[in-house]
Amino acid sequence: MVQNSLADIYHNDRPALAAPVRQTALAILRAACAISVFSLAPSSAWAQDETLAAPEGEIVLTMTGNISRTNRDDMAVFDRAMLTTLPATVLETSTVVTDGTKRFDGFLMRDLLESVGAQGEVVTATALNDYVIDIPMDDFEQFDVLVATHMDGEALLPSDKGPLWIVYPRDDHAELQDIRYDYRWVWQLLELDVK
Ligand SMILES: Nc1nc2c(c(=O)[nH]1)N[C@H]1C(S)=C(S)[C@@H](COP(=O)(O)O)O[C@H]1N2
Ligand SMILES: [Mo]
């Protein structure tokens, strides 16, 4: 398999949409949201039935463990394009490692876990620098925890927290402003193992 270099991938990032296109896209999105409100239950059943697409680009995230949807042996592997099919989510928050409030774009950990049919109590996150931490699954039900791909509109680079960074909505919940949660803000995320 051809492994695209990270530099290639970033170079191939889609250009920003022109305003009229964005307006139309937003209108379609709004209509889609309105429809989906009336079909919440079927939509999660549908997610289970769907087969997971095969990655074509560089693998940026690997999921293992107690998952029901896989696309390579017992794993679910994702390239960037696959991750963009998860509902796009924005989170604005301060962090312990940046100045002021940052805008993060990405997807919810909850949606990611659902997309592979994850069932369990704990997710073990492993990062590029061999950092490993157990995160209770409950966090993702209780809070809108983001897997961020962009900060202030810029793709997160592996040289700086990227390409994937677990970001908690720390400004929205006082209890998240705690060292126990700081440990769970895994940057350079590579792997999630569901147990
Ligand atoms: N990939 C990775 N993520 C990590 C860590 C790490 O060493 N590697 N450290 C954790 C800890 S202990 C804290 S307090 C927060 C903030 O770490 P930083 O200040 O080193 O960015 O990130 C967490 N995420
Ligand atoms: Mo830390």
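Start at 1 with the first residue, then count along the sequence. When a ligand or atom number is given, it counts from 1 through the structure's own listing order.
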Minimum side-chain heavy-atom gap Y168-D139 below 4.5 Å: yes

Within-4.5 Å side-chain heavy-atom neighbours: F107 and L146: no

Which atoms of ligand 1 have any heavy atom of [X] under 4.0 Å away?
{"X": "V97", "result": "18 (P), 19 (O), 21 (O)"}
{"X": "Y183", "result": "12 (S), 23 (C)"}
{"X": "A127", "result": "1 (N)"}

Pairwise distance CE(M151) to CG(L157) - rounded to 0.5 angstrom: 9.5 Å

Cation-pi check, R184 onto Y181 ring (under 6.0 Å, within 45° of axis): yes

Any N/O pair W187/ligand 1 closer than 3.5 Å: yes

Q188 N/O under 3.5 Å from ligand 1 N/O: no

Aromatic contact, H150 with F104 (centres under 6.0 Å): no

Part of N129 with heavy atoms under 4.0 Å of ligand 1, whether side chain, backbone, both or neither: side chain

Criterion salt bridge (Lys or Arg N to Asp or Glu O under 4.0 Å) on D105 and R103, from CA distance to verdict: CA-CA 7 Å; D105 286 273; R103 175 199 157 108; 2.9 Å; yes

Protein heavy-atom partner closest to atom 15 (C) of ligand 1 - residue, atom, separation in Å: D182 O, 3.3 Å

Steps toward side chain to side chain contact (heavy atoms under 4.5 Å, CB included) verdict (W187, L164): CA-CA 6 Å; W187 32 268; L164 299 174; over 6 Å; no

K161 heavy atom under 4.0 Å from ligand 1: yes

Heavy-atom nearest option to atom 10 (C) of ligand 1, drawn from Y131, W165, W185: Y131

